[in-house]
There are 2 protein chains.
Amino acid sequence: MPSVTRRASRDADHREAVARQVTDAVERLLAEGSTYTSLGVQRIAAEAGIARSTFYLYFPDKVALLLRTTEIATEELFAAAEAWAREGFEDLAALERTVAELVAQQRAHAPLLAALTEVAGYEPEVAAFWRARVGRFVEVLRRRLAAGQKAGTVDRALDPTVTAAWMAWGAERLIAQHVAGDGGRGDARLARGLATAIWATLGRT
Amino acid sequence: MPSVTRRASRDADHREAVARQVTDAVERLLAEGSTYTSLGVQRIAAEAGIARSTFYLYFPDKVALLLRTTEIATEELFAAAEAWAREGFEDLAALERTVAELVAQQRAHAPLLAALTEVAGYEPEVAAFWRARVGRFVEVLRRRLAAGQKAGTVDRALDPTVTAAWMAWGAERLIAQHVAGDGGRGDARLARGLATAIWATLGRT
DNA sequence: TGATCCGTCGGACAGGGTGTCCGACGTGGT
DNA sequence: ACCACGTCGGACACCCTGTCCGACGGATCA
């Protein structure tokens, strides 16, 4: 391996490591209870152990940083959501299991996901990202509902588009509110209750 | 009526009128598509036709202004929501009617309600207000679900607390998303679809 | 070893925001 | 004709953003 290549890869590793320091710093600060909005670049840079000016060598602004920081949390959350759409229609037990996993993911990444919805409230770029990401899941769920109707396992009276969006946004908000105010004891009851309600909606009593 | 009293009441009227000018200005600016966060006091004062310093004679800060501006919208929205809980359990037609009214209210006040949830994302005071207000409705709905279970008109397997919160938050988000992206043509279908889904959840097929 | 390269630092800068304060102004009440 | 009071507009201290630049220092190469 030529030395220039070796250097290039080492530099890339270094950039990666520093960027990681910054995203970790954000995660810590959010976990401590700060609002993403209230975090200045100065505060984030200090927590990450870099100069404020250096921050701008890594991220164009706080929005880009947020999207980068929440990447993994978003992926894992929607992996759990899609597992619900895939495996949660078998029986009530399977639904409860997948919903419990959804709750677990949302709890694990609560501060990051809260920051995402927080900033989505006033930053068009973040809003577009979040709407699109949730929308993609809603579409998966819609298809699953429509397929279930065809197969006779889902109430044919339901409007799949509206129902899918209602279920998804309701679950997201419900769980977000729950994890913000409950230490974890109520998770099982929440998962059970939500699974029961979803199951009832499908019309498969 | 003594002249001091007359003066006091006229002054109060004047304060009221100016405050109204300001809240109207905010409403206009939001309707034009601005984010509440991006509106500076300068911009609001200019639109209201007063000096920036005068703004602070009327409102301590933007948060107080927002809560004041959205008062009526909030009241009307929850009046519609409570009508759903009160009258929407009779039959599917009644449910569809009350849900349609909910959609209409949310559309009528869309910019203000969006501003409220926007700021609730990062301002503790607004977050507390909004959570409490929605929570109050969730409690009303929960009671209605529990009563329905006792009367045998609602599926007894449902967890009233979880189900009420899921329904309420889901409806709020669903309708907010909808009105933000649809000019009004889809309102009837949305109301019908949501009512059907809620009805199915209650288990009264 | 010494010259060089390159990333980081820290500070300065312009531009914009907040909330407070105060003197100047004018209008309505006496 | 006078005074009181609300409004104006500008100055203030402070905070934040994003950009720029000279200074520093560690790794790299001759």
Side-chain angles (χ1 to χ4, degrees), chain A residues 1-23 25-26 29 34-69 115 118-119 122-126, chain B residues 1-23 25-26 29 34-69 115 118-119 122-126:
Chain A
M1 197 188 240
S3 80
V4 278
T5 308
R6 215 182 321 132
R7 164 137 76 144
S9 113
R10 199 212 42 193
D11 286 1
D13 285 357
H14 176 66
R15 269 195 81 77
E16 196 47 46
V18 174
R20 181 64 193 270
Q21 263 174 258
V22 179
T23 58
V26 169
L29 292 168
S34 293
T35 271
Y36 190 72
T37 306
S38 75
L39 288 175
V41 171
Q42 177 61 262
R43 183 82 188 77
I44 295 169
E47 177 74 21
I50 63 172
R52 193 176 74 92
S53 57
T54 304
F55 172 89
Y56 290 103
L57 297 175
Y58 284 85
F59 302 96
D61 52 38
K62 262 174 63 184
V63 168
L65 169 62
L66 178 64
L67 292 175
R68 171 72 196 278
T69 304
E118 168 196 334
V119 179
Y122 59 91
E123 274 290 340
E125 197 184 335
V126 178
Chain B
M1 194 187 241
S3 79
V4 278
T5 309
R6 215 182 322 133
R7 164 135 78 142
S9 114
R10 199 213 42 195
D11 285 3
D13 285 358
H14 176 66
R15 269 197 80 78
E16 195 47 48
V18 174
R20 181 65 193 271
Q21 264 175 258
V22 179
T23 58
V26 169
L29 292 168
S34 293
T35 271
Y36 190 73
T37 307
S38 76
L39 288 176
V41 171
Q42 177 61 261
R43 183 84 188 76
I44 295 169
E47 177 75 21
I50 62 172
R52 192 176 74 90
S53 56
T54 304
F55 172 89
Y56 290 103
L57 297 175
Y58 285 85
F59 303 96
D61 52 38
K62 264 174 61 185
V63 168
L65 170 61
L66 178 65
L67 292 175
R68 170 74 195 277
T69 304
E118 168 196 333
V119 179
Y122 59 89
E123 274 289 341
E125 197 183 336
V126 179

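Numbered from 1 within each chain, the chains take letters A, B, ... in sequence-line order.
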What protein N or O atoms touch nucleotides 7-10 of chain D N or O atoms at under 3.5 angstrom, if any, and at what distances?
{"unit_1": "D:dT7", "atom_1": "OP1", "unit_2": "B:H14", "atom_2": "NE2", "d": "3.0"}
{"unit_1": "D:dT7", "atom_1": "OP1", "unit_2": "B:Y58", "atom_2": "OH", "d": "2.5"}
{"unit_1": "D:dC8", "atom_1": "OP2", "unit_2": "B:A51", "atom_2": "N", "d": "3.0"}
{"unit_1": "D:dC8", "atom_1": "OP2", "unit_2": "B:T54", "atom_2": "OG1", "d": "2.6"}
{"unit_1": "D:dG9", "atom_1": "N7", "unit_2": "B:S53", "atom_2": "OG", "d": "2.8"}
{"unit_1": "D:dG9", "atom_1": "O6", "unit_2": "B:S53", "atom_2": "OG", "d": "3.1"}

Starting from [atom2] on [N], measure out to [atom1] on [X] and report it in whole angstrom.
X     : N      : atom1 : atom2 : result
A:D61 : D:dC16 : CG    : P     : 17 Å
B:F55 : C:dG17 : CZ    : P     : 14 Å
B:D13 : C:dG28 : CG    : C1'   : 16 Å
A:L65 : D:dG18 : CG    : P     : 11 Å
B:L39 : C:dG16 : CG    : C1'   : 15 Å

**Prompt:** Who passes salt bridge (charged side-chain N to carboxylate O under 4.0 Å, His left out) against B:R52, sequence neighbours left out?
**Reply:** none
Smallest separation among heavy atoms of [X] and [Y], with atom names:
X     : Y     : value
B:R15 : B:L57 : NH2-O, 2.9 Å
B:A25 : B:I44 : CB-O, 4.0 Å
A:F55 : A:L65 : CE1-CD2, 3.6 Å

**Prompt:** Using a cut-off of less than 4.0 Å, is there contact between a side-chain N or O of B:Y56 and OP1 or OP2 of C:dG19?
**Reply:** yes
**Prompt:** If you look only at pairs with a residue in residues 40-50 of chain A, which of them pass as a salt bridge (Lys or Arg N to Asp or Glu O under 4.0 Å), with sequence neighbours excluded?
**Reply:**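 Listed by first then second residue: A:R28-A:E47, A:R43-A:E47.
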**Prompt:** Ion pair present between B:R68 and B:E16, side-chain N to carboxylate O less than 4.0 angstrom?
**Reply:**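 Salt bridge flag = yes for B:E16 with B:R68.
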